[in-house]
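In this text, all values refer to a predicted model and were calculated from it rather than measured experimentally. Here is the naming used below: chain letters follow the sequence lines, and residue numbers restart at 1 for every chain.
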Amino acid sequence: MTVPAPREGEQVAAMSLRGLVKRFDTKLAVSQVGLEVPAGSFFGLLGPNGAGKTTTLSMAVGLLRPDAGQAFLLGHDVWADPVAAKSRLGVLPDGVRLFDRLTGPELLAYHGLLRGMDAATVDQRARELLDVLELGTGNRTLVVDYSAGMRKKIGLACALLHAPRLLVLDEPFEAVDPVSAARIREILQRYVAGGGTVIFSSHVMEVVERLCSHVAIISDGVLRVHGTLAAVRGERSLEDVFVQVVGGRVSTGSELAWL
Amino acid sequence: MALTVVQRPPSSPWPFVKLKLRLIAGGLRGRPARTALFVLGAVLAGLFAITGYAFFAIPGVVDDARAAGVLFQLGGSALVVGWLLLPLLFFGVDESLDPARFALLPLPRRTLMLGLFTAALAGLPALSTLAATAGMVSTAAALGGGGAAVAQLVGILGGLLICVAVSRAVTSAFATGLRSRRSRDLAVVLFAVAAALLGPLQLALLAGAERADADAFTALAEVLGWTPLAAPYSLGLEVADGRLWAVPLKLLIMVATVVGLLWWWSATLERAMLGSVSSGSSRATGDVGSPTGLLLGRRLPRTRFGALVAREIRYWWRETRRRAALITLTVAGLFLPVSISLSGGSAGPVAAFVGVIAVISLANQFGYEGNAYAANIAAGVPGRVEIHSRAAAHAVLVVPLLVLIALVTGVVASRPEHIAGDLGLLIATYGVGLGLVLPVSVRAAFALPESTSPFAVSSSGGLAKGLLTLGVMLGTLVVTVPLQILAYVLGDVWLWIGLPVGVAFGCAGYLIGSGVAGDWLDRRMPEVLAAVTQGR
């Protein structure tokens, strides 16, 4: 099956993955993943631990070279035309260390200048982000000494700083306290309402159910289901769909009867 | 159910002493190996006490006041320093009464401190120290009669208090301090400095010992006698000498030291009892500069290149492994050529060697910050910009050092006319080294364990790639040999053209190498990231 390249003037998919394959040694981590993420959607990538979510997203944003397949961001091939693809992309990679020997403000300034923004804009936006995310505009603590939740927040701030049109966030709500999580949800919802696209991975159903317009479920490196939340969920709860799709054990009620 | 009667807690220190003795006894019960160790410890303490007593009593027997002065003050200082250092080197020597275990008890701080302090005094080390210094009392009695003996007795008791207080305070401060990342980093760096200084220090000590004589020791002892280290131990001798005016002053030094140390201890004790470090640094939110100002300082351009260089410079200072490398380079870089010059050799080839050492720390430059490099890939930083910025940051720190090395070497060897030529060689080697090491850093990056120790290296693959580093060193030396020969052949002419020729040679080497490295990096960014990511 061949997918025609997006035409000029047409509404371009925010992210378009075609037949992505990644193999680590002998293990097939991601197998033939193809996915269209419409612009302006709030997209949740679901999957159990080790399903290939992070691998897929890493290949999609140009951090991991796929063995086969293509990835387009806003119509630009990530691997053929990286500069154009990356310039309007913000990433919060999971499990990736930030440049954590910088302080929060320094890290934001670094990311802003790296993106070619002018210093005045960087300063203004960095202050605002630090303030909104309650990280403290004058905080001299090195990021390495931040708590896990603060680290997520500064990582998110770095991804947002250059006002990208597409945000790819790996596990953005993990280890974040409820108050900050609510703040982040609100920011992301407003961002999507303003025309941005958010793609994030998670294994927390409630968050996905509450936020997303579209979902995809991936397990064992294979894309099992994708579509709008309503289409995927149908009449059932997302959790039931997820357990069924992923093939988890269904409780019979007889095991561990001694409990 | 009975109502709890709130009693005033007892303020006597004896329960602490009893508790400690019981803990010692309980720790020995039914454990022959430990009992044997304890007995061995007791025997050693006894031996120490006896030899110490004899050592300090001899001047009294032979009636030598001058020897007594030197012995008491140097020996006493050594004792205090020993009490200070030994618990740090063999950390956790006496944790039988861990302050953290008293955190839940309603004890006033005074009681707790008094108790812990008394308990610390009731141990073999304190007892054997007291017994050893008792030899001083007998000497003082022989030299100055009863009055001197009493003064010396007060002195050794005060000295013991200082010994115990200093060891308690310092271990407590370290125990709380070492829990935070910042201070562990600092400790690692201090360790690196100490390790790097070992060689030079040894030479300095040897040279010092050759020149020293009895008068120097007397003078040193005299000075130490007015410091907290030896002031208590010289009390009896001052009485014997008839310098009564010195006694109250030295008593004051002694009391002030004990009080000061106890105060410090009590301050750290509070934090030790809390058991975890309050993130004190997060409160440091004083005046706020703009974020870009904080990152770039005043000089660097507000551009992508400026940000990359600024981040890299920060990392050379804030990342322990890099800082340790810089410190080692500074010490070795100054020490090697200077010592060669002093012994009359030619500093040129050695200088070249320093240029090579300087670049070695870049061989795994992508490994230092691990997969944080992902940020630069996601932002689409081109390979050449990345490579140039890293080299520029390194040069900002290293080139002044190279200039300093050339200057110091020239001055020490008293041949200042060679400074420019040597600097030319240094810069040539450094540039060629960069040109060779930068491509290696792209091809042979490997993951470093996420550890604070500068000596931690991952086992797998690290060694093989370390060999590549060796290759870089050899390669640099080979490439710069023609220049060395040229310098040798040209003789005095080199003094004039050395600097420009060396700089040109170095720049050429750097430009070729960095170009190759940048192009490679453009093609291999994800592979470099994968290579420096742990556990893949």
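- Of the inter-residue distances, the one linking A/Arg65 atom CZ with B/Met525 atom CE reads 10.0 Å to the nearest 0.5 angstrom.
- Neither the backbone nor the side chain of A/Leu108 comes within contact range of chain B, judged by heavy atoms closer than 4.5 Å.
- Looking at A/Leu89, there are no atoms closer than 4.5 Å to chain B (heavy atoms on both sides), in backbone or side chain.
- Contacts between A/Arg115 and chain B at a heavy-atom distance below 4.5 Å involve the side chain alone, from C-beta outward.
- Residue B/Arg322: no heavy atom, backbone or side chain, is found under 4.5 Å from chain A.
- Annotation: side chain of B/Pro526 is not in contact with side chain of A/Leu64 (no heavy-atom distance under 4.5 Å).
- Remark: side-chain polar atoms of A/Arg101 are paired, donor with acceptor, to backbone N or O of B/Arg318 under 3.5 angstrom.
- Of all heavy-atom pairs spanning A/Leu63 and B/Ala374, the tightest one is CD2-O, 3.6 Å.
- Top candidate by heavy-atom pairs under 4.5 Å with chain A, chosen from B/Glu369, B/Glu527, B/Arg311, B/Arg304, is B/Arg311.
- In plain terms, the two heavy atoms of B/Ala372 and A/Phe99 that are nearest each other are O-CE1, 3.4 Å.
- Of the possible polar contacts, one joining the A/Lys86 side chain to the B/Ile377 backbone as a donor-acceptor pair under 3.5 Å is found.
- Considering CG of A/Leu113 and CZ of B/Phe305, their distance stands at 13.5 Å, rounded to 0.5 Å.
- Only the side chain of A/His111 comes within contact range of chain B, with heavy atoms under 4.5 Å apart.
- Neither the backbone nor the side chain of A/Val61 comes within contact range of chain B; no heavy atom of the residue lies under 4.5 Å from a heavy atom of that chain.
- The CZ atom of B/Arg314 sits 10.0 Å away from the CG atom of A/Leu142 when rounded to the nearest 0.5 Å.
- Separation of atoms CG (A/Leu114) and CD (B/Glu386) is listed at 8.0 Å; rounding is to 0.5 Å.
- Minimum heavy-atom separation, A/Glu106 to B/Leu294: OE2-O, 3.5 Å.
- Separating the CG atom in B/Asn371 from the CG atom in A/Leu98 is a distance of 9.5 Å, to the nearest 0.5 Å.
- Residues A/Tyr110 and B/Leu308 meet the side-chain proximity criterion, which asks for heavy atoms closer than 4.5 Å.
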